[in-house]
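Down below is the structure, laid out as structure tokens.
First listed ligand is number 1; within each ligand, the first listed atom is number 1. Heavy-atom basis, side chains included; hydrogens, waters and symmetry copies ignored. The model shown is predicted, which means the values in this text are computed figures rather than measured ones. For this chain, numbers begin at 1 and follow the sequence in order.
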Amino acid sequence: MHLDLKTWKHVFKLDPDRELGDEELERVCLSGTDAILVGGSTGVTFDNTVDLLARVRRYEVPCVLEVSEQEAIVPGFDLYFIPVVLNSRDPQWITGRQHAALKEYGAIMDWSQIVTEGYIMLNGESSAARITSSETELSGRDVEAYARLAERLFRCPVVYMEYSGIFGDMALVKKVSGLLGESRLFYGGGIDGPDKARQAAEAAHTVVVGNSIYYDLESALQTVQAVREAGGAAGR
Ligand SMILES: CC(C)=CCC/C(C)=C/CC/C(C)=C/CC/C(C)=C/CC/C(C)=C/CC/C(C)=C/CC/C(C)=C/COP(=O)(O)OP(=O)(O)O
Ligand SMILES: O=P(O)(O)OC[C@@H](O)CO
Ligand SMILES: [Mg+2]
């Protein structure tokens, strides 16, 4: 198992609130992806998260929980990614929910397992952007400033350009990854096969594939090889 996320180029995001058969899950876990990220913006519960973790644990692939609900924090993941939505208009998604969770877990947690993600929501139609009341009408300079804020002010190991559901602006993604010296740029949104995966891998450091697992698994699986063969952003 490789737990150094600085080497991750490809990640599959599995949603505990969606159905995936055992055979399909096996193909995802044995695909050669660098990690499975468990997360979703709605319907995530303790029970469906435990269930998915137990099923992924049959395989060697690293398994990370992207925390979106305090009630669904389940022990036993390799790492815990904690989103901070930088362009939310509502402070509960920037520090509020994190503060509440730390009141409960702060004294007992293993900080070496915690990775902060500086999220920039970029698809105003996505449920994640709606739930978090994000300001998604951003200029390129706005996005660059959020990325610098995440890396230089907040020291987030991960900056996440989130287009969930649509394929984003690769020129902007590439520009932002070029600005980052320490943080890793995760890109997610609308990758439905190898062609878009290759483009995203040339622009971002790490490519996240989510929804297509559920509607076109064959094409989703082909993204792993496509990302491996792509040049990679700034050689990272
Ligand atoms: C006992 C034990 C194991 C202790 C571990 C310690 C630990 C992990 C403590 C947690 C500490 C902590 C600070 C937790 C934060 C808690 C929390 C609820 C934070 C809020 C996170 C947040 C801003 C959520 C908003 C939504 C969001 C950004 C979700 C991320 C995932 C995402 C965008 C998924 C996309 O979802 P999808 O369903 O595909 O949606 P679309 O329809 O938009 O595509
Ligand atoms: O579901 P898609 O559009 O692939 O996006 C992946 C991920 O960024 C969602 O949080
Ligand atoms: Mg999704």
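Only the backbone of Gln70 comes within contact range of ligand 1, with a heavy atom under 4.0 Å; no side-chain atom does. Residue Tyr105 touches ligand 1 through its side chain alone, judged by heavy-atom distances below 4.0 Å. Heavy atoms of Ile108 found under 4.0 angstrom from ligand 1: none, in either backbone or side chain.
Using a non-hydrogen distance threshold of 4.0 Å, Ser164 registers as a contact of ligand 2. Heavy atoms of Met121 come nearer than 4.0 angstrom to ligand 1 in at least one pair. Using a 4.0 angstrom heavy-atom cutoff, Ile131 does not count as in contact with ligand 1. In this structure, His99 has no heavy atom closer than 4.0 Å to ligand 1.
The ligand atoms of ligand 2 that sit less than 4.0 angstrom from a heavy atom of Gly190 are 2 (P), 3 (O), 4 (O). Heavy-atom proximity to Val85, at under 4.0 Å, picks out these atoms of ligand 1: 23 (C), 28 (C). Every atom of ligand 1 is numbered from 1 in the order shown, and the set under 4.0 Å from a heavy atom of Glu66 is 30 (C), 31 (C), 32 (C). Those atoms of ligand 2 with a heavy atom of Glu162 less than 4.0 angstrom away are 7 (C), 8 (O), 9 (C), 10 (O). If you number the atoms of ligand 2 from 1 as listed, the ones under 4.0 Å from a heavy atom of Tyr160 come out as 7 (C), 8 (O), 10 (O). Near Gly188, meaning under 4.0 Å from one of its heavy atoms, ligand 2 places the atoms 5 (O), 8 (O).
Atoms OG and CG, from Ser41 and Asp15 in turn, are 7.0 Å apart once rounded to the nearest 0.5 Å. Considering CE of Met170 and OH of Tyr163, their distance stands at 6.5 Å, rounded to 0.5 Å. Residue Glu24 holds its CD atom at 6.5 Å from CG of Leu217, rounded to the nearest 0.5 Å.
One option in Ala220, Gly39, Gly210 has a heavy atom closer to atom 6 (C) of ligand 2 than any other, and that option is Gly210. Ranked by closest heavy atom to atom 36 (O) of ligand 1, the top entry among Gly190, Ser127, Ser41 is Ser41.
Panel note: side chain Glu66, backbone Gly40; no donor-acceptor pair is recorded below 3.5 Å.
Residues Ser31 and Thr33 bring no donor and acceptor atom of their side chains to less than 3.5 Å of each other.
The shortest N or O to N or O distance between Gly165 and ligand 2 is under 3.5 Å. Residue Tyr119 places no N or O, backbone or side chain, under 3.5 Å from any N or O of ligand 1. Close N/O approach between Ile114 and ligand 1 is not found [any backbone or side-chain N/O within under 3.5 Å]. Geometrically, ligand 2 and Tyr119 share no nitrogen or oxygen pair separated by less than 3.5 Å.
Heavy-atom minimum distance, Leu14 versus Leu25: CD1-CD1, 3.5 Å.
Within a 6.0 Å sphere centred on CD of Glu182, heavy atoms belonging to other residues, nucleotides or ligands number 12 at most.
Salt bridge absent: Glu229 and Lys9 never bring a charged side-chain N and a carboxylate O closer than 4.0 Å.
Under the side chain to side chain contact (heavy atoms under 4.5 Å, CB included) rule, Glu117 has a single partner from Val158, Val159, Ile82, which is Val158.
Using cut-offs of 30° and 60° for the angle between ring planes, the Phe186 and Tyr160 rings count as tilted.
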Assess the residue pair Asn123 and Ser126 against the criterion (side-chain hydrogen bond (donor to acceptor under 3.5 Å, both in side chains)); give the C-alpha distance rounded to whole Å, side-chain angles, the decisive distance to 0.1 Å, and a yes or no. CA-CA 6 Å; Asn123 174 13; Ser126 67; 4.6 Å; no

